[in-house]
Colleague: 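If you scroll down you'll find the structure; I have some questions about it.
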Amino acid sequence: MNDYPIKLSQPVQEALKNQTPIVALESTIISHGMPYPKNIEMAQTVERIIIENGATPATIAIMDGYIHVGLSDEKLKRLAKHGSVIKVSTRDIASVIIKKQTGATTVAATMRIAALVGIDIFATGGIGGVHIHADQTFDISRDLEELSQTPVTVVCAGAKSILDLNKTMEYLETKAVEVIGYHTDILPTFYTRKSDIKLALSTDNLEEVARIMKMKRLLNIKTGIIVANPILKEDALDESYMQKTIKDALKKAKSHKIKGKDITPYLLKYIVEKTDGKALQANLALVYHNAKVAAQLAKHHQTMKDK
Ligand code: PSU
Ligand code: MN
């Protein structure tokens, strides 16, 4: 690890050395996914939930010329408050280190760094995917490509309907990425529990997920896995209300000619504002739920590894 420009926090260092369960966390969700001060509350609460469920949290970001795996409270606050944090996908990791900029890692960049230090499980809210009209814009999230190349398991609440979910699922199939429904056989869509997409794979048992991870390692299949964990019933939002809000958000983004890496943060912000915080509340609840499931999975995974 000495050769890499990476600083591990003390707890992460110990967890890696003692081979105890660890869960990686992204930081774009803090800087670009939620408004201050809810974002810092989320970042701290997620870490607490992971600890309470028996694992070590490892939030990842780039600061002062280093990748940091495991952030101090001071660094979490810097990411949450700072106005000009860069959204770092895999493409941007090297340049943000060299330029000593402050960067928050997306799902793709977080996966890549987690794999580099030996963390196999990662919790977040939702992943990127194939955007609507991707046939014209070519906008396909790097998250999907990273999932096709990096053997990390991502626990999320599915993907939002700001994306073309059918195309996203086809892309994942082509790229050999399993989408495992946890307690569901239908793809959850973030704020809501259902979609019209039936999943090929589902389980009610996290030990089975850990066994699938182990089997892939044995067979040298180095692709990622998505564990799709639906938002709890009591936290879910009304489907038609969210469909309408998302449609409005997409229209607004188009009229303002928003594109590239700005589009996802733009849509998220619009949705939070238009729903009077209801979307934010749902987002917090599902992230907390994912953190808990990821910590439980990390425990099974560790036991399985030791066998
Ligand atoms: N979806 C969310 N919240 C987020 C993101 C996605 O509900 O914060 C962030 C994640 O960091 C994800 C990134 O990796 O957006 C995807 O961006 P893009 O669509 O530009 O690839
Ligand atoms: Mn994109």
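All ligand and atom numbering here is 1-based and tracks the order in the structure. Residue numbers run from 1 in the order of the sequence given. Note: hydrogens, waters and symmetry copies are ignored here, and every other heavy atom, side chains too, is used.
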Colleague: For residues E239 and T192, is any side-chain donor paired with an opposing acceptor at under 3.5 Å?
Modeller: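 Their side chains do not contain a donor-acceptor pair, so the 3.5 Å distance test is not met.
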Colleague: Looking at K175 and E145, does any basic side-chain N land under 4.0 Å from a carboxylate oxygen?
Modeller: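 Yes.
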Colleague: Has D139 got a side-chain atom pairing as donor or acceptor with A134's backbone, closer than 3.5 angstrom?
Modeller: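 Absent.
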Colleague: Contact between L79 and M63 at the side-chain level, heavy atoms closer than 4.5 Å - yes or no?
Modeller: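 A side-chain contact under 4.5 Å exists here.
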Colleague: Under 2.8 Å from the Mn ion (ligand 2), which protein N, O or S atoms do you find? Ignore water molecules.
Modeller: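 For the Mn ion (ligand 2), the protein N, O and S atoms that sit under 2.8 Å away are D139 OD1.
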Colleague: Counting only heavy atoms and a distance below 4.0 Å, can you name the residues contacting ligand 1?
Modeller: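 These residues qualify: E26, T28, I29, G33, K87, T106, V107, G126, H131, S141, D143, K160, F190, T264, L268.
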Colleague: Can you tell me which residue among L25, I30, I29 is in a side-chain contact (heavy atoms from CB on, under 4.5 Å) with S27?
Modeller: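 That would be I30; it is the only one of L25, I30, I29 passing the side-chain contact (heavy atoms from CB on, under 4.5 Å) with S27.
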Colleague: Tell me every residue that passes side chain to side chain donor-acceptor pair (under 3.5 Å) with H289, counting only those two or more places apart in sequence or in another chain.
Modeller: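 Testing H289 for side chain to side chain donor-acceptor pair (under 3.5 Å), a comparison that skips the adjacent residues, returns N229.
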Colleague: Apart from L218 itself, what residues make up its hydrophobic cluster, given side-chain heavy atom links below 4.5 Å?
Modeller: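 Once heavy-atom contacts under 4.5 Å are chained together, L218 belongs with M215, L219, I221.
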Colleague: Looking only at heavy atoms, which two atoms of L16 and V117 are closest? And how far apart?
Modeller: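 Reported closest heavy-atom pair: CD2-O, 3.6 Å.
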Colleague: Check for a donor-acceptor pair, side chain of R193 on one end and backbone N or O of I231 on the other, with a separation under 3.5 Å.
Modeller: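 Such a contact is found between R193 side chain and I231 backbone.
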